[in-house]
Participant: 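I am attaching a structure below and will ask some questions about it afterwards.
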Amino acid sequence: MNIVIAGAGAMGSRFGIMLKQAGENVILVDGWQQHIDEINQNGLKANFNGQDVTEVIPAYNQNDLSDVDFSADLVILFTKAMQLDKMLQSLDNMLGKDTIVLCLLNGIGHEDVIKKYVDYDNILLGNTMWTAGMEGPGKVTLFGNGSIDLQNLGEGKEDMAQNIADVLTNADLNARVSQDILTSIYRKACVNGTMNGLCTILDSNMADFGDTSSANTIIKKIVSEFLAVARVENVFLDEEAVIEQINGCFNRETIGLHHPSMYQDLVINNRLTEIDYINGAIVRKGKEYGIETPYCEFLTLLIHSKEEIVRAK
Ligand code: NAD
């Protein structure tokens with residue numbers, strides 16, 4: 001299958017490597033020229049569960065695709081949320097009428113952007129538990145296991161979704177077709193919508209924040225806003241179960257001592273965050289649905305202030 005990985009950072013590189021290893025015809029499209037040059041000159045390198053691997057995968061700059069003759073069967077979107085619209089614009093002449101587009105970004109509401117460029121029937125929305133880290137241009141770290149849930153947006157497109165899940169599973173990416181992808185997306189957004197912004201503002205790992213006497217109250221306030229917005233979209237989440245999942249992040253034996261990805265983006269790497277597509281999306285949707293979302297709004301504003309203070313790019 002001809003597969004374009006659109007956004008070949010940490011996660012795009014993982015998917016690119018695993019799909020290439022499974023025999024798929026993969027290309028990478030990205031906007032970071034140094035990374036692209038490194039991949040094209042020396043291969044895409046990974047520390048893959050402790051082993052060094054190098055895969056030769058062609059990489060192209062998204063701003064220079066006019067000479068690229070590649071008819072994509074599948075595009076897997078793995079930009080950061082704020083890069084998505086521009087990436088889809090760049091891909092325009094690679095998106096044929098049968099090209100399937102799978103979105104695995106964190107955050108809420110990406111379908112509203114994708115459907116400007118892609119036939120609704122060809123869109124798959126997903127959620128992944130795989131992780132990956134960027135070491136530097138041309139090099140990623142890939143540890144652990146994961147899975148993917150995905151679902152077709154168009155009616156009657158279940159076979160298409162199953163076909164793509166099979167391609168991903170054949171590459172050991174453990175994909176399954178979900179019947180309620182929006183529930184998984186909202187559930188993960190609740191985790192990201194609390195841990196990411198709060199640990200970034202409080203300069204804390206997850207376990208230390210979880211130990212504070214106000215953690216539970218703050219988390220409940222934020223989660224209640226996510227759940228109220230989700231309900232308007234007929235997505236019903238159990239508040240206690242969501243909070244229990246969030247509390248799982250505080251476990252010092254597993255992931256509690258880690259800083260969430262937003263912290264790494266903003267505090268460590270001075271990069272802009274996805275806050276507008278997590279808490280910020282709840283604020284936008286809340287305005288549309290007539291729901292007050294003061295906690296998400298305040299957290300979004302705080303993160304934007306911090307982005308300005310550290311001059312994030
Ligand atoms: P990433 O930051 O590694 O890559 C995203 C884009 O940013 C790529 O185009 C990449 O080339 C570019 N980029 C990365 N570092 C850069 C640098 N120093 N300078 C210039 N450009 C740079 O993002 P990711 O972690 O692959 O995440 C992609 C999407 O997947 C996001 O929506 C994220 O929330 C989601 N996600 C990530 C993980 C994870 O473990 N990393 C897990 C699940 C979902």
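Below, all heavy atoms of this structure are taken into account, side chains as well, without hydrogens, waters or symmetry copies. Counting starts at 1 for both ligands and their atoms, following the listed order. None of the values given here were measured: they were computed from a predicted structure.
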Participant: Just need the protein heavy atom nearest to atom 3 (O) of ligand 1, so name the residue and atom and give the distance.
Facilitator: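 Here the nearest protein heavy atom works out to A10 N, 2.9 Å.
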Participant: Calculate, to the nearest 0.5 Å, the distance between atoms CG and OG1 belonging to L173 and T128 respectively.
Facilitator: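 If I round to the nearest 0.5 Å, the distance is 7.5 Å.
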Participant: Any N or O on G7 sitting closer than 3.5 Å to an N or O of ligand 1?
Facilitator: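 No - when backbone and side-chain N and O of G7 are compared with those of ligand 1, no distance drops under 3.5 Å.
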Participant: Would you mind checking which non-hydrogen protein atom is closest to atom 11 (O) of ligand 1, with the distance to 0.1 Å?
Facilitator: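 Looking at atom 11 (O) of ligand 1, the protein heavy atom closest to it is D30 OD2, 2.7 Å.
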Participant: Under 3.5 Å between some N or O of ligand 1 and some N or O of M134?
Facilitator: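 Checking ligand 1 against M134, no N or O pair falls under 3.5 Å apart.
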Participant: Measure the distance from atom 6 (C) of ligand 1 to every protein heavy atom, then report the residue, atom name and distance (to 0.1 Å) of the closest one.
Facilitator: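 Of the protein heavy atoms, Q83 OE1, 3.3 Å lies nearest.
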Participant: Taking 4.0 angstrom as the limit and counting only heavy atoms of L105, give me the atoms of ligand 1 inside it, by number and element.
Facilitator: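 Those of ligand 1 that fall under 4.0 Å from L105 are 32 (O).
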Participant: Is the shortest side-chain heavy-atom distance between Q151 and L124 below 4.5 Å?
Facilitator: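 Heavy-atom side-chain distance check fails, nothing below 4.5 Å.
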Participant: Who's closest to atom 13 (N) of ligand 1 heavy-atom-wise, of Q62, R271, E274?
Facilitator: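 When every heavy atom of Q62, R271, E274 is considered, R271 comes closest to atom 13 (N) of ligand 1.
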Participant: Quiz question: by atom type and distance under 3.5 Å, do the side chains of Q162 and D166 form a donor-acceptor pair?
Facilitator: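 There is such a pair between these side chains.
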Participant: Based purely on interatomic distance, does W130 place a nitrogen or oxygen under 3.5 Å from a nitrogen or oxygen of ligand 1?
Facilitator: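 No, W130 has no N/O under 3.5 Å of an N/O on ligand 1.
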Participant: Hey, is T79 touching ligand 1 through its side chain, its backbone, both or neither, going by heavy atoms under 4.0 Å?
Facilitator: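 Backbone only; the side chain of T79 stays clear of ligand 1.
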Participant: Apply side-chain contact (heavy atoms from CB on, under 4.5 Å) to residues F48 and Q21 and explain how you reach the verdict.
Facilitator: CA-CA 12 Å; F48 197 161; Q21 287 179 342; 3.8 Å; yes
Participant: Are N270 and K313 close enough that some pair of their side-chain heavy atoms sits under 4.5 Å apart?
Facilitator: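 When only atoms from C-beta onward are counted, K313 and N270 do not touch, as no gap falls below 4.5 Å.
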Participant: Tell me, which protein residue and heavy-atom name are nearest atom 4 (O) of ligand 1, and how many Å apart are they?
Facilitator: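 The closest one turns out to be G9 CA, 3.3 Å.
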Participant: For ligand 1, is there an N or O atom under 3.5 Å from any N or O atom of N106?
Facilitator: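 N/O-N/O distance below 3.5 Å exists for this pair.
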Participant: Under the salt bridge (charged side-chain N to carboxylate O under 4.0 Å, His left out) criterion, do R187 and D180 qualify, and how do the steps go?
Facilitator: CA-CA 11 Å; R187 195 181 297 117; D180 56 357; 5.8 Å; no
Participant: Okay, side chain of N40, backbone of A59: is any donor-acceptor separation there less than 3.5 Å?
Facilitator: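 Flag set: sc N40 to bb A59 pair under 3.5 Å.
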Participant: Does this structure show an ion pair linking D149 with K188, if we count only N-O contacts that are shorter than 4.0 Å?
Facilitator: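 No, this pair does not count.
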Participant: May I ask which of K80, K188, M87 has a heavy atom nearer to atom 5 (C) of ligand 1 than the others do?
Facilitator: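 Considering heavy atoms of K80, K188, M87, the nearest to atom 5 (C) of ligand 1 sits in K80.
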Participant: Salt bridge between D276 and R284, side-chain N to carboxylate O under 4.0 Å?
Facilitator: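 Salt bridge flag = no for R284 with D276.
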Participant: Is Q34 in contact with ligand 1, taking contact as a heavy-atom separation below 4.0 Å?
Facilitator: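 No heavy atom of Q34 comes that close to ligand 1.
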Participant: With nothing but distance in play, are any N or O atoms of A132 less than 3.5 Å from an N or O of ligand 1?
Facilitator: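 Yes - when backbone and side-chain N and O of A132 are compared with those of ligand 1, one distance drops under 3.5 Å.
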Participant: Looking only at protein heavy atoms, which one is nearest to atom 37 (C) of ligand 1, and how far off is it?
Facilitator: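 The protein heavy atom lying closest is M11 CG, 3.4 Å.
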Participant: Does a side-chain N-to-carboxylate-O contact under 4.0 Å join E55 and K45?
Facilitator: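 Judged by the 4.0 Å cut-off on N to carboxylate O distance, E55 and K45 do not form a salt bridge.
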Participant: For ligand 1, which atoms sit closer than 4.0 Å to a heavy atom of T131?
Facilitator: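 Under 4.0 Å from T131, ligand 1 has these atoms: 40 (O).
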Participant: Where's the contact between W32 and ligand 1, heavy-atom distance under 4.0 Å: side chain, backbone, both or neither?
Facilitator: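 It is the side chain that gets close, since no backbone atom is under 4.0 Å.
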Participant: Tell me if the CZ atom of F298 is crowded by more than 12 foreign heavy atoms within 6.0 Å.
Facilitator: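 Not more than 12 within 6.0 Å, no.
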